[in-house]
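All chains are named by letter (A, B, ...) in the order of the sequence lines, taking the proteins before the strands, and each is independently numbered beginning at 1.
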There are 2 protein chains.
Amino acid sequence: MSTLSNSMQLILTLVKTQGQVLKPLESALSYHGLSFTEWLVLHRLSQTSDFTLKRASLASSIGLTASGVTRLLAPMEKVGLVEKATKARDARVSLVRLTKAGQQTYTDATKSIEFGAEKVTNMMNEQQAEQCLGLLSTLHLSAIDATQLD
Amino acid sequence: MSTLSNSMQLILTLVKTQGQVLKPLESALSYHGLSFTEWLVLHRLSQTSDFTLKRASLASSIGLTASGVTRLLAPMEKVGLVEKATKARDARVSLVRLTKAGQQTYTDATKSIEFGAEKVTNMMNEQQAEQCLGLLSTLHLSAIDATQLD
DNA sequence: GCATGATGCTTGATCACTCAAGCTTTTGTC
DNA sequence: GACAAAAGCTTGAGTGATCAAGCATCATGC
């Protein structure tokens, strides 16, 4: 019954925590008919100047494959949150644009998810939250670095 | 293009980081024919005094449903990492026990995953890792707390 | 001592994603 | 300016999980 290294314990806690944290947020979003990943799509699109992104860029920015994006976006197009557009000079690329309805849904859903986020971080003060964010960012960079040189 | 609350940014970073961190570990484990979740099963079992756990306890301890456990364990039994046992006084419960082979695989795989974990946390010093672990634990408790009162 | 309900697990259907293969369009080379 | 290679997306097959329903087994009240 040997014990794990500190690194491994950190990662175990990371995984456990994410699982616990995501549940309430998913349920907050379900009221708007969105999954967390779908909300992420709306979020990324709403951050751009023209509400438009290449499918490939969207994919990598939310940590999905191209095919994952295709399958995720299909129903979102069907309900009109998002629409297809084509790029002028390149008929290969397919752009995704947030519709007016999508912008509205994003605004509403974001209120819900942020409310959930507040509740979930309730036991942390502002300073702890900031510190945690900083450390996670470091860990993120470190993980990217480790992935590069394999 | 309004910006997100600190809580929400923390959670976004948490999710992004976990995704990045898990990739190298999964690939380290794949050498032993294990997924991260399967390694978790071996880990939980190896922590018990008699290498045995109720399926339901195992489920909740690794954050899966009962049916998830059934489906996860089936192939692991087939390759002999784990075996079924029955409880004396209660024919409903089905116990899972780590076999000798499973113990060996756990020992080997744990070396690999811990090596991966070291690499992934490479850019953090010991103090940062500990601090991060502490803050994540707080967040975890906070999230559990938030889930209770919904 | 027997119906009622609770507990523990499995099964069928479905979902969200991945990978590999394929199709179309563009780019670069000669 | 034709043709191989690359880029961008979609599709078919498979994986890992979920939920809801079902089947045993155990516990309780009368």
Side-chain angles (χ1 to χ4, degrees), chain A residues 15-16 18-20 22-27 29-30 33-42 44 52-79 81-97 147, chain B residues 15-16 18-20 22-27 29-30 33-42 44 52-79 81-97 147:
Chain A
V15 171
K16 208 169 46 174
Q18 160 162 342
Q20 208 64 43
L22 241 38
K23 270 184 240 165
L25 302 199
E26 291 267 12
S27 98
L29 286 176
S30 73
L34 293 176
S35 70
F36 182 76
T37 313
E38 287 169 330
W39 177 83
L40 262 186
V41 168
L42 303 186
R44 291 301 174 219
T52 303
L53 230 38
K54 280 178 49 183
R55 285 168 109 82
S57 315
L58 182 59
S60 76
S61 92
I62 62 178
L64 245 50
T65 60
S67 95
V69 163
T70 297
R71 299 194 144 103
L72 178 62
L73 253 34
M76 296 180 75
E77 286 162 12
K78 203 162 290 175
V79 300
L81 292 172
V82 119
E83 62 192 4
K84 263 186 176 153
T86 53
K87 191 168 177 180
R89 293 233 153 283
D90 194 337
R92 287 172 306 182
V93 331
S94 164
L95 303 173
V96 205
R97 182 165 44 225
T147 309
Chain B
V15 171
K16 207 169 50 174
Q18 161 162 341
Q20 207 64 43
L22 241 37
K23 271 185 238 165
L25 301 198
E26 291 267 12
S27 99
L29 285 176
S30 74
L34 293 176
S35 70
F36 183 75
T37 313
E38 287 169 331
W39 178 83
L40 262 187
V41 168
L42 303 186
R44 290 300 174 220
T52 304
L53 230 38
K54 279 178 51 184
R55 285 167 110 82
S57 316
L58 182 59
S60 76
S61 92
I62 62 178
L64 242 52
T65 60
S67 94
V69 163
T70 296
R71 298 194 144 102
L72 178 62
L73 253 34
M76 297 180 73
E77 286 163 11
K78 203 163 289 177
V79 300
L81 291 172
V82 117
E83 62 192 6
K84 263 185 175 151
T86 53
K87 191 167 175 180
R89 293 235 155 283
D90 195 337
R92 287 173 303 180
V93 329
S94 164
L95 304 172
V96 206
R97 183 164 44 225
T147 309

Which residue lies toward the 5' end of DNA chain D, A/D90 or B/E38, if each is placed at its nearest nucleotide?
->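 It is A/D90, whose closest nucleotide lies nearer the 5' terminus.
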
Using a 4.0 Å heavy-atom cut-off across all strands, classify [X] as base, sugar-phosphate, or nothing.
X     : result
A/T37 : sugar-phosphate
B/A91 : sugar-phosphate
B/T70 : base
A/K84 : sugar-phosphate
A/S67 : base

First contact, last contact: which nucleotides of DNA chain C are these for chain B, 5' to 3', heavy-atom distance under 4.0 Å?
->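 Listing 5' to 3', DNA chain C meets chain B from C/dA6 to C/dA13.
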
List for me each residue that meets salt bridge (charged side-chain N to carboxylate O under 4.0 Å, His left out) alongside [X], sequence neighbours excluded, and say none if there are none.
X     : value
A/E77 : A/R55
A/R71 : none
A/E38 : none
A/R92 : A/D90

Among all residues two or more places apart in sequence or in another chain, which pass the side-chain hydrogen bond (donor to acceptor under 3.5 Å, both in side chains) test with B/E83?
->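 side-chain hydrogen bond (donor to acceptor under 3.5 Å, both in side chains) list for B/E83, sorted by chain: B/R97.
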
In chain order, what residues pass the side-chain contact (heavy atoms from CB on, under 4.5 Å) check against [X], with sequence neighbours excluded?
X     : result
B/S57 : B/L53, B/K54
B/T65 : B/S67
A/T37 : A/S35, A/I62, A/L64, A/L72

Mind listing the residues from residues 53-65 of chain A sitting with a heavy atom below 4.0 Å of DNA chain D? Number order is fine.
->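 Within this stretch, A/K54, A/R55, A/A56 sit under 4.0 Å of the strand.
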
To the nearest 0.5 Å, tell me how far A/R44 CZ sits from A/L58 CG.
->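 One finds 9.0 Å between CZ of A/R44 and CG of A/L58.
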
Once you round to the nearest 0.5 Å, how far does OG of A/S27 lie from CG of A/L22?
->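 That separation rounds to 11.0 Å.
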
Position toward the 5' end of DNA chain C (nearest nucleotide), A/R92 or A/S35 |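 Mapping each residue to its closest nucleotide by heavy atoms, the 5'-most match is A/S35.
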
Which heavy atom of B/L29 sits nearest a heavy atom of B/F36, and at what distance?
->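 Minimum heavy-atom separation between B/L29 and B/F36: CD1-CA, 3.6 Å.
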
Heavy-atom contact window of chain B on DNA chain D, given 5' to 3' at under 4.0 Å |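 The footprint of chain B covers D/dA17 to D/dC26.
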
